[in-house]
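As structure tokens, the structure follows; a few thoughts come after it.
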Amino acid sequence: MMTIVTRITLREGAEPEWDAAMRERLETARKQPGFVRGQLLMPLDGLHKRVIIGTWDTRAAWEAWHEDAAFVVTRKRIEGLEAQPSDQWWHEVILDVQPQP
């Protein structure tokens, strides 16, 4: 598995619109081959900042999702809402611990 962490800084006042578009984007990701899980985080010390953590079976699955029509639509919605380019870091998942059923 691969996890990508993306850090975003939003334009002041753009948070509700960006969050709505990202919720929609993550909802469509659930239906994509290779999607494992995703989180949208807001740092407590930066209400205009966001962190996205996405876990996929492979990086190729994540890249294929970026060509999906629904992804392209949300990309257009969020254009101009970010104050600066995002930062991304890829990680190979060594251990994934979850609660036992």
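The chain is numbered in sequence order, starting from 1.
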Side chain to side chain donor-acceptor pair (under 3.5 Å) partners for [X], two or more places apart:
| X | answer |
| --- | --- |
| Arg7 | Asp87 |
| Gln88 | none |
| Asp19 | Arg50 |

> Among pairs that include at least one residue of residues 37-46, which meet side chain to side chain donor-acceptor pair (under 3.5 Å), considering only residues two or more places apart or in two chains?
Replying inline: Arg37-Asp96
>> I want to check something: taking the side chain as every heavy atom from C-beta on, are Thr58 and Met2 in contact at a cut-off of under 4.5 Å?
In response: no
> Do Glu15 and Leu47 touch side chain to side chain, with heavy atoms closer than 4.5 Å?
Replying inline: no
> What do you reckon, is CD of Gln100 surrounded by more than 12 foreign heavy atoms closer than 6.0 Å?
Replying inline: no
> Who passes side-chain contact (heavy atoms from CB on, under 4.5 Å) against Ala14, sequence neighbours left out?
Replying inline: Arg11, Leu81
> With sequence neighbours excluded, what pairs up with Thr9 under the side-chain contact (heavy atoms from CB on, under 4.5 Å) test?
Replying inline: His48, Lys49, Ala83, Gln84
> Got a sec, which pairs hit ring pair (Phe, Tyr, Trp, His ring centres under 6.0 Å) with one end in residues 9-35, sequence neighbours left out?
Replying inline: Phe35-Trp56
>> According to ring pair (Phe, Tyr, Trp, His ring centres under 6.0 Å), does anything in residues 81-101 pair up with another residue at least two apart or in another chain? List the pairs.
In response: Trp62-Trp90
> Does one hydrophobic cluster hold both Ile52 and Ile4, with members joined at side-chain heavy-atom distances below 4.5 Å?
Replying inline: no
> Does anything in residues 61-71 pair up under salt bridge (Lys or Arg N to Asp or Glu O under 4.0 Å), and if so which pairs, sequence neighbours excluded?
Replying inline: Arg59-Glu63
>> Does anything in residues 71-86 form a salt bridge (Lys or Arg N to Asp or Glu O under 4.0 Å)? List the pairs, not counting sequence neighbours.
In response: Glu24-Arg77
> So which residues get pulled into Val93's cluster when ILVMFWY side chains under 4.5 Å apart are joined, directly or through others?
Replying inline: Met1, Val36
Exercise answer: donor-acceptor pairs, residues 26-34 side-chain atoms, under 3.5 Å, sequence neighbours excluded:
unit_1, atom_1, unit_2, atom_2, d
Glu27, OE1, Arg30, NH1, 3.4
Glu27, OE2, Arg30, NH1, 3.4
Thr28, OG1, Arg25, O, 2.8

> Do the rings of His66 and Phe71 sit parallel, tilted or perpendicular, given the 30° and 60° boundaries?
Replying inline: tilted
> Between atom CZ of Arg23 and atom CG of Leu40, what is the distance when rounded to the nearest 0.5 Å?
Replying inline: 7.0 Å
